Amino acid sequence: MYRSKISGIGHYVPENVVTNHDLAKMMDTSDEWIIERTGIKERRFVKPGDGNTPSTMGTKAALQAMERAGITPDDIDFIIFATLSPDYYFPGPGVLVQEQLGIREVGALDVRNQCSGFVYALSVADQFIKTGMYRNILVIGSELHSGGLDFSDRGRNVSVIFGDGAGAVVISRAADDEPGGILSTHLHSEGKYAKELAVIAPNTSRWIPQIIKENDPEDTSYYPYMNGNFVFKHAVVRFSEVIQEALEANGHAPNDIDLLIPHQANLRISQYLQQKMGLADHQVYNNIMRYGNTTAASIPIAMSEAWAEGRIRPGNLICLAAFCSGFTWASALIRWI
């Protein structure tokens, strides 16, 4: 079998910065309250009419990733797009990126695993490369949350968390003389907790005719619901388990990690993981304070920033980990080439 590697990485975030103080003007919250519970100081929101959608932001991130990989759209063999906020209910954004980039008629796959979506997509790409089916796969995580959040007092516990943005990587076949690459990926789910973090409507049990007929302004089923404490308690357990699983599968210990890039869900979760695993500050990358939770985009945005800052170098052992709605959780261990 072949080996796969990340040959290029990029990200894009909207220019519009929304601070905690900005949100405090919309709802009963404060900068201190948000920072204490989440670590978030600001996030990026698209502005109406600025041209940003999940697919266009993904395309901008992809262009940067392809440039850094030294390839063109003609070299892309397959597209995998991870998101919970597609441009349309259908079709998915993968085909929109294919058209926007002028890529030939390659396959396009959409992944709906929320915060774990990027690692799930990375795992799929890894398998395609390893089997020899494709040489270069474009993997994108992109989210536009701001248009679907409740900015009244009713939604303040959830709406302060999320932000908009996109990240992308090119997964390529590693050369025979290149040691390392994607070592392993590990995927899990536990569907019995699906409704603890979910957007329930619209759904096929309560579809368009019923929604139009009811026209209920008090219906909150269109907004994200999160059982915060319940999700937090499960997240810290599953994060730890899936990171350890990746390390043990490859004969490593936590102190071998050069950089852990967790899904940017909550700074307290990252700090808990760091303390539990005995990692130093330089071994963990966090940017949630600047961007909030960008769901499927959070890991590739963080990885792109870490790479640009020189914190990811050839030979480094990089661990990615995510936990989210579903519940789903996943990890990937990478020896950077």
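Fair warning: this is a prediction, and the values are worked out from it, not measured in the lab.
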Exercise. Mind checking salt bridge (charged side-chain N to carboxylate O under 4.0 Å, His left out) for D150 and listing every partner two or more places apart, or none if nothing turns up?
Key: R154

Exercise. Output yes when a side-chain donor or acceptor of E42 lies under 3.5 Å from a complementary backbone atom of V17, and no otherwise.
Key: no

Quiz item: Is there a donor in the side chain of Q100 and an acceptor in the side chain of T59, or the other way round, less than 3.5 Å apart?
Solution: yes

Quiz prompt | T294 versus Q264, side-chain donor and acceptor atoms under 3.5 Å | solution = no

Quiz item: Salt bridge between E214 and R206, side-chain N to carboxylate O under 4.0 Å?
Solution: yes

Quiz prompt | Residue pair N227 / Y193, side-chain donor-acceptor N/O under 3.5 Å | solution = no

Exercise. Tell me, yes or no, whether the heavy-atom count around R68 atom CZ, taken from other residues, nucleotides or ligands under 6.0 Å, exceeds 12.
Key: yes

Exercise. Any chance you could lay out the ring pair (Phe, Tyr, Trp, His ring centres under 6.0 Å) test for F323 and H234, step after step, and finish with the verdict?
Key: CA-CA 9 Å; F323 174 90; H234 278 72; 7.1 Å; no

Practice problem: Classify the side-chain pair S331/H186 by whether it contains a donor and acceptor separated by less than 3.5 Å. | Solution: no

Exercise. Please check if any side-chain donor atom of E241 sits under 3.5 Å from a side-chain acceptor atom of H188, or the reverse.
Key: no

Quiz prompt | Non-hydrogen atoms of Q114 and A296 that approach each other most closely | solution = O-CB, 3.5 Å

Self-check item: Test applied, side chain to side chain donor-acceptor pair (under 3.5 Å); reference residue, N20; option that passes from T29, D31, T38
Solution: D31

Self-check item: Side-chain donor-acceptor contact under 3.5 Å, Y285 with E305
Solution: yes

Quiz item: What's the shortest heavy-atom distance between A82 and A121, and which atoms?
Solution: CB-CB, 4.4 Å

Self-check item: D126 and T185: side chain donor to acceptor below 3.5 Å
Solution: no

Quiz item: What are the two closest heavy atoms between H263 and S298, and how far apart are they?
Solution: ND1-OG, 2.6 Å

